[in-house]
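Quick note on labels: first sequence line is chain A, next is B, and so on, each numbered from 1.
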Amino acid sequence: ENADPRRTAFLLHKQWTLYSVTPLYRFSNTRLRDYARLLSAFIAAEKQKGLAVEIGVELDIKVAVSSLPDLKGSDQDQAAILVQLSLRSPASSKNSEEKLIWLGWFCCVSGDDLSENVPEDFTCLPLFLANGAESYTSIVGSWFQKTFDCCFRRLAISPLNLSWMAAMWTGCKVDKTTSAMELVFSVPCLPQPLDISYAIHPEDAKALWDTVQKTPGEITQEEVDVFMDCLYSHFHRHFKIHLSATKLVKVSTAIASAHCDGIIKFLQSQYLTGVLMLLTELAISQIQ
Amino acid sequence: MQRRQSSKTPKQPLQVHHKNQTDLSAWRKGGRIHLEKSVQNDQSPNDQKNDSKQDSLEQALSYFEKVQDRVSLKKNDVLQKHLNTVESIALQRGLPPEGFDVLLNVALSGKLADTVNTRLLKSLVPASVIPENSVVSSVSWLCVSKCSSNIQLLFLRWLITVFDFIDHKEQLHALYGFFFSFLQDEKMCPYVCHLLYLLTRKESVKPFRIRRLLDLQAKMGMQSHLQALLSLYKLFCPELVTITLPGKMKTYFKNSEGPWKAAINTVRRRNQENSPVSQLLFLGTAQPQSRKRKWNTQLIIPASSTNQNNLEEDREKNHVDLYSTNESFPVEQLQTFSQLLQNIHHLEFPSQMGSVLTNPLLLHYMNCIKDESIYLRLYYWMGQTLQEECTWCVADNNRYEEEFKDFLETVYKTECFLQEGFSSCEEFLYRSLPLWDGFCCRSQILRLVSWIPLSSFSEMKSHLYDPLAQLFFTSSLYFKCSVLESLKELLQNWLNWHVIHLDSESDSQVYSLNTTLSGLVNVVAELIHFVGWISTAALRLENNPTFLLYFILDFYETVCDMYLRYNLPLLIMPPAGVFYPALLSMDSVSLNQLCYIMYRYRTNLVAAKQNELSKKKILQFKFSSQTYQEYNQYIIAMVGCLWTSSAFQKDIHPQGLRMDDELLKKTTVQEFKTSFNIVYHPAMMGYAVLFLQQAWPDDMTFNFNLIKGKKWNWYLEYLYAQGLKGLKVFIESSINRVSQASHSKA
C-alpha cells in the first residue's frame with residue numbers, strides 16, 4: 001500500500017477489461033521508447049493495411065509506453081507498464097492537445113508464484129487491463145503477442161471469486177461511505193434474461209461481516225460462505241427467492257466493482273494494490 | 001570465337017556439365033577430340049547433326065558480334081538466316097553461356113530494329129548458365145538508354161525470369177542502386193520492384209531507399225509490387241519500416257515470366273539438368289479469417305516471422321558482438337533443408353514459437369537446440385490455446401470442432417516428429433479428460449494420450465486412469481479398442497524414451513527428470529496393471545470378442561518383451577482374466593498370438609535368470625519369484641490343454657481350469673481330457689478337419705483319433721505351414737522341456 005495515490009489516481013473510476021498474459025519473452029524495461037515507436041508504426045500499418053509506414057516518424061496516433069513503479073506488491077514484482085494511445089489533432093500542429101483514446105497496463109502485484117519459476121529471459125506481468133475501443137486492444141495485444149511471444153486471454157471472474165470480493169471488500173474501512181453495496185444476480189434458464197439487484201447498506205453489510213469473521217486479517221472459504229448464506233436467507237425471507245440458485249454476476253462496493261465477464265472498476269486508491277493482488281492471483285491461475 | 005571465349009568469359013566453362021554432349025560449350029572446351037569420342041556412342045547421327053547446328057550458331061554469333069549499322073530485316077537474307085538459326089537452337093537446346101554477351105550487346109545497343117531485338121531477347125534461353133559479365137554489360141546499355149522502352153521492359157522481364165541462371169551475383173548486387181533508380185519510370189517500376197526483390201539483401205535496405213519507396217507509395221497508392229518490396233525491407237529491417245499486408249493478396253508481381261519459361265522448361269527437360277529452382281516468394285500474409293469472433297479467440301497458428309525484437313537488439317550491439325551482427329537469417333527465407341544446414345549457426349527462432357508447429361525445418365532446428373526458453377514459450381502458447389479452444393470445456397466452442405481437431409492433429413504430428421510429448425498437452429489432457437464425452441475429437445485425443453511424457457507423476461491414476469476407465473466401460477467396443485491401442489503406444493513411447501536415455505548417458509544423471517529407475521518401473525507397472533484390469537473387465541462386458549482380444553494381446557506383445565527389447569527390469573504376466581479367454585478362444589489368431597507371447601515371456605525370463613546367476617554382484621532389480629511362479633502356472637495350463645490333455649487335472653492356477661473328474665463326467669462330454677488339445681481345441685478343429693481331408697481324402701468320418709504318432713508330427717508341420725508361427729515357436733521352445741523346466745522351477 002505504498003503507492004502514491006496521486007500517481008495512480010488516473011486508474012480510478014475507469015472501467016477496465018481484464019486479460020491474463022503469459023510471461024513476456026525478452027522484454028526490456030530499458031527499451032520502452034523503442035517499443036513505443038515500433039508500436040505506433042504497427043498501429044498505423046494495421047489501420048491502413050497494405051501501406052507501408054516508416055518507423056520513427058510522427059503518426060496520427062501517438063504511443064507512449066512508460067513504467068508505473070508504484071504498482072508493486074513485492075520486490076520481485078516487475079514494475080507495471082502503461083501503454084497510452086492518444087490522437088494528435090491535425091488542426092494545430094504543435095503544443096496542441098492530444099486526446100487520449102486508449103489506455104492499457106500490465107501489472108504484477110505479489111505474483112511471486114509465477115515470477116519465481118521462470119528463467120531470466122521472461123518478464124512476468126500476468127495481468128493486463130485495458131480501457132478503450134476493443135479494436136485498439138486487439139492491435140496492441142497482437143503486437144505484444146508477436147513481439148514478446150506471449151498469450152493474451154480474457155480473464156473472467158467466477159461467481160466464487162466474486163463472493164470472495166464481496167466479503168473482502170465489505171470488511172475494508174472507507175473514510176466516508178457513500179454508495180450502497182450492490183450484488184447483481186442473473187437467473188439462469190429463462191427465455192429472457194432476468195437480473196436481480198440486491199443492494200445493502202454498507203454499514204449493515206460490515207456489521208454482518210464482523211460477526212462472521214473470526215480472525216481479523218484472515219478470511220476463510222467457510223466465512224465467505226456463511227456471509228453469503230446470511231445475505232441469501234435475508235433475501236429469501238423478504239422475496240421468497242433462493243439466490244443460491246442464481247448466478248452472482250456483479251459485485252459493487254465502495255472499494256471497487258467487478259463483473260464476472262472480467263471487467264473491473266477501482267474506486268479507492270488506498271485499496272488499489274490490494275485488489276490488484278487478488279486479480280494477479282486469478283490471472284496466474286489461468287496461465288499455469 | 002576462341003579468342004572471345006578466352007578473353008571475356010574465362011571462368012565460364014567451369015560450370016558446364018561435361019557429360020552432356022548436346023552442350024555446346026562442353027564441346028568447345030574439349031574441342032573436336034571430345035566430340036569424336038562421343039561419336040562412338042550410338043547417338044552418332046544426332047551428334048553430327050548437332051555439329052552442323054553448332055557451326056551455324058557460331059556463324060550466327062560471329063555475325064551478330066560484327067554487325068554494324070541498322071540492317072533492315074526484310075531486305076537482308078543473311079540477318080534473317082542467322083536470326084532463324086539463333087531462334088531455333090535457343091528454343092530447342094538453349095544457348096551456351098558465351099552466346100549471351102554477343103546477343104545482349106546487340107539487342108540492347110539499338111543497332112538493329114526493335115523487331116529483331118525483340119526476337120533476339122526472346123530467344124535468350126540458357127542451356128546451362130548465364131555469365132554475370134554479360135548481364136552487367138547489358139545493364140550499362142540500359143543506363144545509356146540506346147534502346148526503346150519496350151526493349152528495356154522486355155530485358156527486365158527476361159532478367160527476372162532467368163535470375164537464378166546467372167552464375168554469380170556479386171557484381172549484380174553492386175548495381176543495386178542503378179536498378180533502384182529505374183523505379184521512377186512508371187512502366188518499369190513493377191518489374192524493377194520484382195528485380196530488386198530478388199536482389200535485396202539486408203545491407204541493401206537503407207533509410208533513404210525506404211523513404212524513396214514511401215514517396216512512390218504516396219504517389220501511386222497501394223501497389224502490390226511496392227508492397228512486396230517494402231515487406232521484404234520490413235523483413236530485413238523491422239526497426240525502419242513496417243507494413244501489414246491485406247489478407248486477400250495472392251500475387252505480388254505481374255506475370256513476368258514472359259515467353260521464356262516454357263522454353264527454359266523444355267530445354268531443361270531435354271538437357272536433364274538440375275537447374276536452379278526459382279526463388280519462391282516468402283511473404284507471409286494474414287491468414288484468411290474464416291469466422292468472425294472476438295479478438296484473440298481464433299485458433300490461428302502464427303506464421304513464422306523474424307523476431308524484430310531481437311533484430312533490433314543486434315543492431316544496438318553491432319560494434320561489440322561480431323557474431324550477431326546483421327547476419328541472422330530471417331526465418332521467412334528458410335525454405336529448404338540445405339538452407340537450414342548452411343544457416344544453422346545464425347538462425348533465430350521466429351518471434352512466435354507456436355509457428356514451429358507448421359514448419360518442419362524449424363522443428364529440426366528445435367531438435368538440435370536444447371534451450372529451456374524455447375520449450376517454455378511453446379508451453380505457454382500451447383497451453384493457453386488448448387484451454388481457450390477446447391470444444392467441450394468452453395461454452396459456445398462446439399461450432400469450431402473441425403478447427404480444434406486440426407489443431408490437435410498438428411500438435412500430435414509435432415510430438416511424433418520430435419518424439420516427445422509436450423507438458424502443456426499433458427496438462428490439457430488431465431484438465432479436460434474428466435469433462436470429455438469420449439466422442440468429440442476422439443482419435444485426436446486418444447493419440448495425444450499416447451504422448452503423455454514419462455514422469456514419476458504420482459497422480460496419474462486420478463488424472464488419467466480414472467477418467468479414462470469411466471469412459472472405457474461405458475463406451476462402445478470400438479472405443480475400447482482405441483483406448484487399448486493408444487495405451488500400447490503410450491507404453492512403447494515410454495519404453496523408447498527409457499532406452500534412448502539409457503543409451504545416451506550411462507552415468508547417474510540418466511534419470512535427472514526427477515525419475516529414478518525404480519520410479520520408472522513403478523509408473524510402467526502401474527500402466528500395465530491398469531490395462532490388465534480394464535482388459536479383464538472389458539472381455540467380460542463384451543463377451544470375449546476376438547477383435548477386442550486382438551488389441552489386448554497386442555498390448556502384451558510389448559509387455560512380454562520389455563526386458564530384452566527395452567532393457568527394463570520388469571515383466572508382468574497378463575491377468576487370468578486375459579490369459580484364459582485367450583487360451584480358450586474360438587479363434588486361432590488369438591491362440592497363436594498367446595503362444596507367441598508366452599514364448600517371449602519364456603525367453604525374457606530365461607535371460608533374466610541367466611543374468612542373475614552369472615553376475616556375482618547383487619542386481620538392483622530382479623524379478624520376483626511370483627512372476628516365475630505365475631509363468632509356470634500358465635505354462636502348465638497351456639501345455640496341459642494343447643499337448644498333454646491334462647489341463648483339468650494339472651492346472652494349479654486358482655482361477656484355472658482344474659476340475660474334478662466327477663464334475664467333468666456330469667457334463668457327459670466324452671473324452672473331455674483331449675477336448676482342448678491342438679486337434680480338438682475349438683480354435684484348431686478347423687485345421688484338423690482340413691488336415692484329415694488332405695491326409696485321408698476318401699475318409700468322410702472325420703476320425704480325429706487318426707492324428708497321433710507320426711501323423712501328429714505331420715499335423716504339426718501342417719499347422720506351421722498354415723502360418724501359425726506363434727504356435728511353432730511356443731511348441732519348439734516349451735513342450736519338450738516343460739517337464740524338466742516345471743520340475744526345476746516350480
Top of A:Gly56, A:Pro23, A:Gly50, A:Ala41 for chain B proximity - count of heavy-atom pairs under 4.5 angstrom = A:Gly50
ask   = Heavy-atom distance under 4.5 Å to chain A: side chain of B:Gln223, backbone, both or neither?
value = neither
Side chain proximity check, B:Gln384 to A:Thr22, heavy atoms < 4.5 angstrom = yes
inquiry  = When you compare the side chain of A:Cys150 with that of B:Tyr380, does any pair of heavy atoms fall below 4.5 Å?
reply    = no
remark   = Looking only at heavy atoms, the pair that brings A:Ala52 and B:Val241 closest together is CB-CG2, 4.1 Å
query = Would one find more than 12 heavy atoms of other residues, nucleotides or ligands at under 6.0 Å from atom NZ of A:Lys99?
reply = no
inquiry  = Could you tell me if the side chain of B:Trp381 sits less than 4.5 Å from the side chain of A:Cys151, heavy atoms only?
reply    = yes
message = How close do A:Asp149 and B:Arg377 get, counting heavy atoms only, and between which atoms?
response = OD2-NE, 2.8 Å
task = Compare every heavy atom of A:Val53 with every heavy atom of B:Leu214, then report the nearest pair and how far apart it is.
result = CD2-N, 4.3 Å
query = Has A:Asp60 got more than 12 heavy atoms of other residues, nucleotides or ligands less than 6.0 Å from its CG?
reply = no
Interface moiety of B:Gln352 toward chain A, non-hydrogen atoms closer than 4.5 Å = both
ask   = Tell me, do A:Leu51 and B:Met222 make a side-chain contact under 4.5 Å, heavy atoms counted?
value = yes
From OG (B:Ser351) to CZ (A:Arg26), nearest 0.5 Å = 12.0 Å
A:Glu120 portion near chain B, given a 4.5 angstrom heavy-atom threshold = neither
Residue A:Ser135 versus chain B: region with a heavy atom under 4.5 Å = neither
ask   = With a 4.5 Å limit on heavy-atom distance, are the side chains of B:Ile374 and A:Tyr25 in contact?
value = no
inquiry  = For the OG1 atom of B:Thr244 and the NZ atom of A:Lys47, what is their distance to the nearest 0.5 Å?
reply    = 12.5 Å
key: Shortest non-hydrogen contact from B:Leu245 toward A:Lys49   = O-CD, 4.3 Å
ask   = Looking at B:Thr242 and A:Ala45, what are the two nearest heavy atoms and their distance?
value = CG2-CB, 3.9 Å
query = Side chains of A:Glu54 and B:Leu240: closer than 4.5 Å at any heavy-atom pair?
reply = no
key: Test side chain to side chain contact (heavy atoms under 4.5 Å, CB included) applied to A:Gln288 and B:Glu427, step by step   = CA-CA 9 Å; A:Gln288 268 186 334; B:Glu427 281 166 24; over 6 Å; no
